[in-house]
Amino acid sequence: MPLHRKFYNRPTLTVARDLLGKRLIRQIDGAERSGIIVETEAYIGIKDSACHAHRGKTLRNAVMFGPPGHAYVYFTYGLHYLLNLVTEEEGQPAAVLIRAIEPFTGLDEMRALRRRHGKELTNGPAKLCQALSINKDFNGWDLTQGIHLWVEDFQAVQSKSILSTPRIGIGYAQKLDREALWRFLIHS
DNA sequence: CTCTCGATGTTCT
DNA sequence: GAACATCGAGAGG
């Protein structure tokens, strides 16, 4: 069962923490590839200078302004797709970036697509998109339908085992936003 | 292992 | 024209 829209319609930091331990699933022609979410980052609204919504609504970031429970997928560095899950009520632009998953099913297909193995399959935001064949066609995709791409409950993660740090790759943001502890990982 | 650097195309100034 | 929520190859230790 896919997570309900109510799961996403909450404060982004709460959703980012709660997504740890959930299972991200990609189904294509009956074949399933999935992984357990182990690293996330929160991007919260127009006041967050690291968030794409900081400079207002554009064609690229419009999905973040829409209802929660949809995918915000964008293309960057001329090479890579990144997957975000839209949070908070419609009109509040915010999302959680999925930075890493632990491969769970469909490993053979992931290895073939990535031309890598082991940790290198899905330990980065662009790597997991490649392993799960997520591209810009999924921008705006409704994750609550339970088809093609969705998230399911899997295992509870104790707050004790969650580590938080500053976000990665946002050197362009203001100091306060650069230092915010809005990256969450499962402490191995 | 660490560090540096180039790739590549869309978006925004 | 610059910047970019990254990755992987290659060089060096």
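So you know, we letter chains A, B, ... as the sequences are listed, proteins then strands, and number each from 1.
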Answer with yes or no whether the side chains of S133(A) and R33(A) bring together a donor and an acceptor at under 3.5 Å. yes

Approximate separation, where rounding is to 0.5 Å, of L3(A) CG and F154(A) CZ: 13.0 Å

Is I170(A) touching bases, backbone alone, or none of the nucleic acid, heavy atoms closer than 4.0 Å? sugar-phosphate

Expressed as a whole number of angstroms, how long is the span from I168(A):CD1 to dC7(C):C1'? 14 Å

State yes or no: are the ring centers of Y81(A) and F138(A) separated by less than 6.0 Å? no

Surrounding CD1 of I46(A) (heavy atoms of other residues, nucleotides or ligands, distance under 6.0 Å), is the total greater than 12? no

Got a sec, which residues hit side-chain hydrogen bond (donor to acceptor under 3.5 Å, both in side chains) with R167(A), two or more places apart in sequence or on another chain? D48(A)

Can you name the atoms? Protein N/O to nucleotides 8-11 of chain C N/O, anything below 3.5 Å, with the distance.
residue: dG8(C); atom: OP1; partner: R114(A); partner atom: NH1; Å: 2.6
residue: dG8(C); atom: OP1; partner: R114(A); partner atom: NH2; Å: 2.9
residue: dG8(C); atom: OP2; partner: R114(A); partner atom: NH2; Å: 3.4
residue: dG8(C); atom: O3'; partner: R116(A); partner atom: NH2; Å: 3.1
residue: dA9(C); atom: OP1; partner: R116(A); partner atom: NH2; Å: 2.7
residue: dA9(C); atom: OP2; partner: R116(A); partner atom: NH2; Å: 3.2

Strand DNA chain B in bracket notation, Watson-Crick/G-U under 3.5 Å with | for pairs to another chain: |||||||.||||.

How close or far is atom P of dT6(C) from atom CZ of R167(A), stated in whole angstroms? 12 Å

For R183(A) and E39(A), run salt bridge (charged side-chain N to carboxylate O under 4.0 Å, His left out): C-alpha distance rounded to whole Å, both residues' side-chain angles, the deciding distance at 0.1 Å, then the answer. CA-CA 7 Å; R183(A) 172 177 178 241; E39(A) 181 179 344; 2.8 Å; yes

Taking the six-membered ring of F7(A) (Phe, Tyr or Trp), confirm whether the NZ or CZ of R10(A) is under 6.0 Å from its centre and within 45° of its axis. yes

All N/O contacts under 3.5 Å from nucleotides 3-8 of chain B to the protein, with atom names and distances to one decimal?
residue: dT8(B); atom: O2; partner: Y77(A); partner atom: O; Å: 2.2

Once side-chain hydrogen bond (donor to acceptor under 3.5 Å, both in side chains) is applied, do any residues pair with Q27(A), and if so which ones, sequence neighbours excluded? none

Could you list by number each residue of residues 46-61 of chain A showing a heavy-atom separation from DNA chain B of less than 4.0 Å, or answer none if no residue does? R55(A), T58(A), R60(A)

Salt-bridge present (K47(A), D177(A); N to O < 4.0 Å): no

Of A126(A) and Y172(A), whose closest DNA chain C nucleotide lies nearer the 5' terminus? Y172(A)

Nearest whole Å is fine: how far is dT6(C) C1' from E39(A) CD? 13 Å

Interatomic distance, K119(A) NZ vs dC1(B) C1' [rounded to whole Å]: 13 Å

Does the E88(A) side chain pair with the main chain of T12(A), one donor and one acceptor, at a distance under 3.5 Å? yes

Any chance the side chains of N123(A) and K127(A) put a donor and an acceptor closer than 3.5 Å? yes

Once you round it to whole Å, what is the distance between P of dA3(C) and OH of Y74(A)? 17 Å

Distance in angstrom units between M64(A) CE and dT11(B) C1', rounded: 13 Å

Between R23(A) and E32(A) (salt bridge meaning N to carboxylate O under 4.0 Å), is one present in this structure? yes

Ring centres under 6.0 Å, that's the criterion: do H148(A) and W141(A) meet it? yes

Whole angstrom is fine here: how far is it from CD in E41(A) over to P in dT6(C)? 8 Å

Using whole Å, what does the distance between atom P of nucleotide dT6(C) and atom CD1 of I134(A) come to? 16 Å

Any idea how Y72(A) and H52(A) line up, ring-wise: parallel (<30°), tilted (30 to 60°), or perpendicular (>60°)? perpendicular

